[in-house]
Number of protein chains: 2
Amino acid sequence: MSRLIGEDGYADGKKLPSEKELAETYGVSRETIRKALKHLTQLGRVYSIRGSGHYVRHWVPQMESTLNRLTSITELIKQSQLVEGEMEVHFFKRVPTKDEAELLQIHPLDPVFVVDRIRTAGGEPLIFNQNVLPQSVVGEDFPLRYEKGSLLNCLRTRYRIDIAEAMTEVLAVRAEDLLPYRLKETGAPLLKFKQVHYDAKALPIFLSYDIMRNDVIRFFIRRVM
Amino acid sequence: MSRLIGEDGYADGKKLPSEKELAETYGVSRETIRKALKHLTQLGRVYSIRGSGHYVRHWVPQMESTLNRLTSITELIKQSQLVEGEMEVHFFKRVPTKDEAELLQIHPLDPVFVVDRIRTAGGEPLIFNQNVLPQSVVGEDFPLRYEKGSLLNCLRTRYRIDIAEAMTEVLAVRAEDLLPYRLKETGAPLLKFKQVHYDAKALPIFLSYDIMRNDVIRFFIRRVM
DNA sequence: TAGTGGTCTAGACCACCTC
DNA sequence: AGGTGGTCTAGACCACTAG
C-alpha cells in the first residue's frame, strides 16, 4: 500500500527516519516509501531537504476549506459539526448563455436545468448556490431524479457520474450580481465561485455559481513553486 | 530526465501511445514515463483511464493566474505583455499584530518592516500590495537592501532566501479595509489575498496582503478529488 | 566521508477496459 | 484474451548535507 503512513508518532516538527529505515520498518521497498512521502509533501504535511532528510511541517491550516482539493459544500458543513439544510429551492429550464454553452461544450440551443437554492448551516443562510446542468447530461426527467443535498452524491448514485475535478474561478461579488434577500440581509462579506465540474474523462458535466458568506467560511490555497 | 514530454504532436484531445511504447520511443524505463505522465496529470494537461490509456485534455484554462502555482505579481504582469511599475511606495517599521506574530512565528515585540505600494500595469493601478517582513529575517538595514519590483527576487539575490511555497487566504474586501484612493477611484471589483510565504524548510519568511482589481485579473484554481 | 534524498531501471503482478 | 494503467520491488548511481 502506497498510503501506509499517517504520521503515527511524529506529530511535532521533527525529523522523520530516513527512507531506508522507513522501508525496513514497514517492510516495503524504498520507492514505495518515497511515493507515500511525496504524497504527504503534496498535501503540505511534510517537506524534504536533499541530503538531509524529511521533516514534519510545523503547522498547516488543515481546518477550514482548502481549495486545493475538491470537496462538496455538504462535506464542508458536516466537518464543522453543523446541521446542513436548504431553503428556497427553485427549479427551471432555460437555454444556456453563450459563456455557459462554451464551458459546458454544448450547443447554444441545448436546454439546461437550473437549480437555485440557499444552503444553510445550523439554520443560518450560508451560501447561495446555483447549478446549471445540461439536459443532454441529466435527461428530461431530471426534476424527478433530483434529490436534496449533495448534487455530487446525486450524480454518483442516480447517474453513475463521478466528478473527478473542477476548474474554479474566484470572483469578487459585483453590484449587478443578483442576490437572494435572505443572504443580502446578513450584511456579510461575500465571495463568489464559478466552477466547471468534470468527470474522470475530462468532460464537463455541470456548472455552478456559489456566493458564500466569508464571515463564516474561510478559504485557503496552498501554492507551491 | 523526468520531464521529457511536452506533448509534441498530440495537441488535440487524443489518445497517447501506451506507457510501454512511450518508454521505448524515448529510450527510458516505464516508471520514468509514468512519473512524467503523473506530472502532466497533476498539471491538468492529461488524464488517464485504467485499462484504456492516457489522453490529452480537451481544453485547460492555462491563461490568467492559476493559483495552484506560486507566481509573483511581477511575472503575472509580464506574461500579459504589459509594462510593470509601482507608485506611492511607503516604508515603515512597527510591531506586528497578534495574528501576524503568530503566522510569522516571531515574538510579539519583534519589529517588522512594512512596505506599502501600488503596483501598476501599463500605468494603470492594479494591486495594492503590503508586505510585512520580520526584522529578524531581513535585518536592520532592510531599507537599504530593498530594491523595487519583485520582492521574491530581492530575497533570493540579496538574502539567499528562496520562497518555496505560500499559504494563501482568499478574502472578500470589507468596508473597514483601508484602500488607497488611486485604487478606490477605479470603482473596480476587488479581491483580497492574505499570504504567508515559506522557504524550503517550511519556515515562515514574510506576510503579504494584496488587494487586486478583479476586472483586470482573473483567478483560477484547479481542484482535484 | 558517511548518510541522505533524487532519479532511474528492468522486471513482476494485478485489476480493469476492449475486443 | 490481450493490452492497458496502477502498484511494488531490489538495486544502482548521483548530488547534496552534515559532522
Could I get the full list of side chain to side chain contact (heavy atoms under 4.5 Å, CB included) partners for Ile49(A), not counting sequence neighbours? Tyr47(A), Ser52(A), Tyr55(A), Lys201(B)

Grab the OH-P distance between Tyr26(A) and dT9(D) for me, whole Å please. 14 Å

Decide, yes or no, whether a salt bridge links Lys20(B) with Glu24(B) under the criterion of side-chain N to carboxylate O below 4.0 Å. yes

Rounded to the nearest 0.5 Å, what's the gap from CG on Leu37(B) to NE2 on His54(B)? Could you check? 4.5 Å

The nucleotide from dT7(C), dC8(D), dT4(C) with an atom nearest the side chain of Arg34(A) is dT7(C)

Does the pair Glu75(A)/Arg69(A) count as a salt bridge with the N-to-O cut at 4.0 Å? no

Taking Glu100(A) first and then Arg94(A), would you say they form a salt bridge - that is, a charged N and a carboxylate O separated by under 4.0 Å? yes

Closer than 4.0 Å, any side-chain N/O of His54(B) to the OP1 or OP2 of dG5(D)? yes

For a 4.5 angstrom cut-off between non-hydrogen side-chain atoms, does Val137(B) reach Phe142(B)? no

Atom NZ of Lys15(A) and atom P of dG3(C) are separated, to the nearest Å, by 12 Å

Assess the side chains of Arg34(B) and Ser29(B): does a donor N or O sit below 3.5 Å from an acceptor N or O? no

Once base and sugar-phosphate atoms are separated, protein heavy atoms under 4.0 Å mark nucleotides 10-19 of chain C, 5' to 3', with B, S and - as B-B--SBB--

Nearest-nucleotide comparison on DNA chain D, the residue closer to the 5′ end among Lys20(B) and Gly27(A): Lys20(B)

Are the ring centres of Tyr146(B) and Phe113(B) closer than 6.0 Å? no

Rounded to whole angstroms, how far apart are NZ on Lys38(A) and P on dG6(D)? 14 Å

Side-chain N or O of Thr32(A) less than 4.0 angstrom from OP1 or OP2 on dT7(D)? no

Could you check how far CG of Leu37(A) sits from C1' of dT7(C), rounded to whole Å? 15 Å

Overall bend - the helix from dT1(C)-dA18(D) to dT18(C)-dA1(D), comparing terminal axes fitted on five pairs, nearest 10 degrees: 10°

Search all heavy atoms of Thr157(A) against all heavy atoms of Glu147(A) and return the closest pair with its distance. OG1-OE2, 3.8 Å

Starting at atom NZ of Lys35(A), determine the distance to atom P of dT7(D), rounded to an integer number of angstrom. 8 Å

What integer distance in Å separates Glu24(A):CD from dG3(C):P? 13 Å

Whole angstrom is fine here: how far is it from CG in Leu22(B) over to P in dT9(C)? 13 Å

